[in-house]
Amino acid sequence: MALTNFAGAVAVITGGASGIGLATARALSAKGAHLILADINSQGLQQAEQDIHQHSPDIHTRVVGVPTDVTNESQVQALMRKAVETCGRIDLVMTSAGIGCGGPIDTFSSSDMRALLDINFMGTFYCVQAALPTMRQQKSGHFVFLSSVAGKLCTPMLSGYCASKWAVRGFSSALRAELHGTGIGITTVYPAWVETPMTSREAETMRWMNIQIMLTADQVASEILQAVTEDQRDLTLAPNPEIALALQIMKEDPDKAEMLVGESFRRQRARQQQ
């Protein structure tokens, strides 16, 4: 069931202190939604609350920041209880807490791999389990999962990130089938590279891979709200022509896509070593 009216709706957003999470929170607040923002950065949460009130000074909705580590199951459960205690229901849960890091698999640490899976995937899983009882009781609700085009592609140097985002993709597809007919919807978002604090921290990797950022967090937020109102299952945002082409080839012929990407990567490495 699509969430067609955000006025008075209750939205829980992880990673709400910055990036796509904060941009979506601002957009929802402007439409009259109550917000429960979660982030591991407690100071960032306070700034996010102020930011949202400044963007929508004439709209009187609740904005509550809840410091939360999404890799901690009990903290995520407490987050959803806080939402119900504060607002009485949960209409939308957006899992945008995430990290990104890359590097050659030969030297990629097991701790980095575990962190990617714990935050990007397990954080999503914990949110679903914690929010689902309330949504089932309401017989309504909507999840927005942040995957990435990396959840559809075979990107060298991003094996761990791809693994975590493919996991979100597979999880959302199976869960969507499991929840069919319950009134609970799922939109999975696959954006190309977005101008956010995460991509800024990975600037060296981005330069090495010659990646051009063509999306802003506000653009993605606007598309997400539209997709939710239409109960859209797959929201893929790939304005980069080369990424759009790679997605098309991957869809039509995965083996060919892997070969072409591998050959391109090999040539690129050879040029850099000259």
Side-chain angles (χ1 to χ4, degrees), residues 15 19-20 95-108 112-124 144-176 186-196 198-217 219-220 223-224 227 232-272:
I20 297 171
T95 60
S96 57
I99 61 169
C101 58
I105 193 61
D106 311 67
T107 57
F108 198 72
D112 281 343
M113 179 67 84
R114 185 172 295 279
L116 283 164
L117 293 172
D118 282 348
I119 295 171
N120 295 355
F121 173 65
M122 290 304 296
T124 296
V144 174
F145 299 153
L146 258 293
S147 182
S148 164
V149 291
K152 292 186 172 184
L153 295 175
C154 48
T155 309
M157 302 290 285
L158 289 178
S159 56
Y161 187 68
C162 283
S164 69
K165 295 302 187 178
W166 275 80
V168 171
R169 178 185 179 187
F171 177 65
S172 63
S173 182
L175 186 62
R176 199 175 287 117
I186 301 170
T187 297
T188 312
V189 187
Y190 304 93
W193 309 108
V194 184
E195 188 177 348
T196 65
M198 186 183 79
T199 53
S200 297
R201 286 191 294 270
E202 292 298 314
E204 185 61 33
T205 301
M206 304 289 284
R207 282 194 296 271
W208 194 91
M209 296 177 65
N210 194 30
I211 291 172
Q212 183 180 8
I213 298 174
M214 297 183 67
L215 287 169
T216 67
Q219 287 174 323
V220 176
E223 294 285 351
I224 287 173
Q232 188 172 333
R233 297 179 171 216
D234 179 316
L235 175 61
T236 301
L237 302 171
N240 310 62
E242 69 278 9
I243 293 177
L245 177 60
L247 286 168
Q248 185 63 34
I249 297 172
M250 190 71 174
K251 181 179 179 180
E252 295 173 352
D253 190 340
D255 291 343
K256 180 180 179 181
E258 290 176 4
M259 181 189 68
L260 291 174
V261 171
E263 289 177 349
S264 175
F265 177 66
R266 187 174 180 178
R267 289 195 298 270
Q268 185 179 7
R269 290 197 68 180
R271 287 195 299 268
Q272 291 173 342

Rounded at 0.5 Å granularity, tell me how far [atom1] in [X] sits from [atom2] in [Y].
X    : Y    : atom1 : atom2 : answer
M214 : Q219 : CE    : CD    : 9.5 Å
Y190 : L247 : OH    : CG    : 11.0 Å
I105 : S159 : CD1   : OG    : 3.5 Å

### Task
For E263, check side-chain hydrogen bond (donor to acceptor under 3.5 Å, both in side chains) against everything at least two apart and list the hits.
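Partners of E263 by the side-chain hydrogen bond (donor to acceptor under 3.5 Å, both in side chains) criterion come out as none, since no residue qualifies.
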Under 3.5 Å, sequence neighbours excluded: what are the donor-acceptor pairs made by side chains of residues 165-172?
unit_1 : atom_1 : unit_2 : atom_2 : d
K165   : NZ     : L146   : O      : 3.0
W166   : NE1    : A150   : O      : 3.1
W166   : NE1    : L153   : O      : 3.0
R169   : NH1    : G151   : O      : 3.3
S172   : OG     : V168   : O      : 3.1
S172   : OG     : R169   : O      : 2.8
S172   : OG     : T188   : OG1    : 3.0

### Query
Between T187 and Q232, is there a donor-acceptor pair closer than 3.5 Å when you use the side chain of the first and the backbone of the second?
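Checked: pair present.
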### Query
Pairs in or reaching into residues 95-107: which pass salt bridge (Lys or Arg N to Asp or Glu O under 4.0 Å), with residues at least two apart or in two chains?
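Listed by first then second residue: nothing to list.
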#### Entry: By salt bridge (Lys or Arg N to Asp or Glu O under 4.0 Å) - contacts of D112 (at least two apart)
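Applying salt bridge (Lys or Arg N to Asp or Glu O under 4.0 Å) to D112 gives none.
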#### Entry: Atom of I243, atom of A192 and distance for their closest heavy-atom approach
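What the structure gives for the nearest pair is CD1-CB, 3.9 Å.
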### Taking every non-hydrogen atom, the tightest pair across I213 and E195
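Reported closest heavy-atom pair: CG2-N, 3.4 Å.
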### Task
Decide yes or no on side-chain contact (heavy atoms from CB on, under 4.5 Å) for T155 and Y161, but give the supporting numbers first.
CA-CA 9 Å; T155 309; Y161 187 68; over 6 Å; no
### Query
Which residues pass the side chain to side chain contact (heavy atoms under 4.5 Å, CB included) test with C154, sequence neighbours left out?
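Residues passing side chain to side chain contact (heavy atoms under 4.5 Å, CB included) with C154: M250, E258, V261.
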### Query
What pairs with I249 under side chain to side chain contact (heavy atoms under 4.5 Å, CB included), at least two apart in sequence or on another chain?
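Applying side chain to side chain contact (heavy atoms under 4.5 Å, CB included) to I249 gives L245, K256, A257, L260.
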